[in-house]
Amino acid sequence: MSFRFMRIILFFDLPMVTKEDIRRYNRFHKFLIKEGFIMIQYSVYAKLALNKSIISQVKKRLDKNKPPNGNIAILEITEKQFAGIQWILGQKVSYVLDTTDKVTIYDE
């Protein structure tokens, strides 16, 4: 078996209406972190995998730990495809008010 690095991209949309929904979301989020997923954006996580057999094991664990409601989508891509992601980042706006008394910094 050859090693070909892959990435698992996980997209999910879980309800956050009741307290039980929030508990389920928190449990699922903690599960993802323990599994080695990293947050790319809110509700979008990624994990490095050595090959497709590892991906199938991760899918089984995801299926076992999925919340009863909501949507979860999984995308498998190669590490080379993942490295080709283009990030378009905005700039955070900060204001600094400089007075003779003190410096006040606030963000929007």
Side-chain angles (χ1 to χ4, degrees):
M1 178 191 320
S2 67
F3 290 99
R4 183 173 180 199
F5 290 110
M6 304 283 293
R7 288 278 178 157
I8 303 169
I9 310 293
L10 182 83
F11 308 89
F12 64 91
D13 185 21
L14 302 178
M16 299 281 285
V17 179
T18 66
K19 287 184 180 182
E20 184 59 30
D21 289 340
I22 294 169
R23 271 189 229 111
R24 289 176 179 155
Y25 170 86
N26 287 332
R27 256 186 259 132
F28 186 66
H29 172 77
K30 287 178 183 177
F31 165 76
L32 291 177
I33 300 303
K34 285 181 185 176
E35 280 290 311
F37 282 88
I38 57 169
M39 187 190 320
I40 305 273
Q41 292 181 347
Y42 295 118
S43 299
V44 179
Y45 287 72
K47 176 182 171 80
L48 182 66
L50 292 178
N51 52 40
K52 286 199 174 267
S53 64
I54 302 276
I55 290 175
S56 66
Q57 293 172 4
V58 171
K59 283 181 178 180
K60 287 177 187 174
R61 288 193 299 272
L62 282 167
D63 189 46
K64 184 180 175 186
N65 290 283
K66 70 182 183 297
N69 299 326
N71 299 316
I72 299 173
I74 299 170
L75 175 65
E76 303 170 23
I77 61 173
T78 65
E79 183 64 16
K80 186 175 181 179
Q81 290 169 325
F82 184 79
I85 292 176
Q86 294 181 353
W87 297 94
I88 301 173
L89 304 173
Q91 190 170 9
K92 189 175 181 181
V93 178
S94 294
Y95 298 98
V96 177
L97 301 176
D98 194 4
T99 66
T100 56
D101 296 332
K102 59 184 174 183
V103 174
T104 304
I105 302 172
Y106 66 94
D107 293 326
E108 280 188 344

Using the rule that Ile, Leu, Val, Met, Phe, Trp and Tyr join whenever any side-chain heavy atoms are under 4.5 Å apart, tell me whether [X] and [Y] fall into a single cluster.
X: L10; Y: L48; answer: yes
X: I40; Y: L32; answer: no
X: V44; Y: I33; answer: no
X: L75; Y: W87; answer: yes
X: I8; Y: I38; answer: no

Please determine whether a side-chain nitrogen of the Lys or Arg among K60 and D63 lies less than 4.0 Å from a carboxylate oxygen of the Asp or Glu.
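Salt bridge flag = no for D63 with K60.
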State, with a plain yes or no, whether a side-chain heavy atom of [X] is found less than 4.5 Å away from one of [Y].
X: I72; Y: P67; result: yes
X: L14; Y: R24; result: no
X: N65; Y: E35; result: no

Can you name the residues that form a side chain to side chain contact (heavy atoms under 4.5 Å, CB included) with T78, not counting sequence neighbours?
R4, M6, K80, Q81
Looking at residues at least two apart in the chain, or sitting in another chain, which of them share a side-chain hydrogen bond (donor to acceptor under 3.5 Å, both in side chains) with R23?
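Here the qualifying residues are E20.
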Pairing residues for K30 by the side-chain hydrogen bond (donor to acceptor under 3.5 Å, both in side chains) criterion, not counting sequence neighbours:
none
What is the distance from atom [atom1] of [X] to atom [atom2] of [Y], rounded to the nearest 0.5 Å?
X: M39; Y: Q41; atom1: CE; atom2: CD; answer: 10.0 Å
X: F37; Y: H29; atom1: CZ; atom2: NE2; answer: 12.5 Å
X: D13; Y: Y25; atom1: CG; atom2: OH; answer: 10.5 Å
X: K47; Y: L62; atom1: NZ; atom2: CG; answer: 9.0 Å
X: I9; Y: I77; atom1: CD1; atom2: CD1; answer: 4.5 Å
X: I55; Y: L50; atom1: CD1; atom2: CG; answer: 9.5 Å

Return the set of residues passing salt bridge (Lys or Arg N to Asp or Glu O under 4.0 Å) with K52 (not counting sequence neighbours), or none when no residue passes.
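Salt bridge (Lys or Arg N to Asp or Glu O under 4.0 Å) list for K52, sorted by chain: E76.
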Could you list all the ring pair (Phe, Tyr, Trp, His ring centres under 6.0 Å) pairs where at least one residue sits in residues 56-85, not counting sequence neighbours?
none
Could you pull out all residues at least two apart from F28 that satisfy ring pair (Phe, Tyr, Trp, His ring centres under 6.0 Å)?
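Partners of F28 under the ring pair (Phe, Tyr, Trp, His ring centres under 6.0 Å) test: F12.
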Residue pair F11, N71: steps toward the side-chain contact (heavy atoms from CB on, under 4.5 Å) verdict
CA-CA 8 Å; F11 308 89; N71 299 316; over 6 Å; no
Closest heavy-atom pair, I22 versus M16, reported as atoms and distance to 0.1 Å, is CG1-CE, 4.0 Å
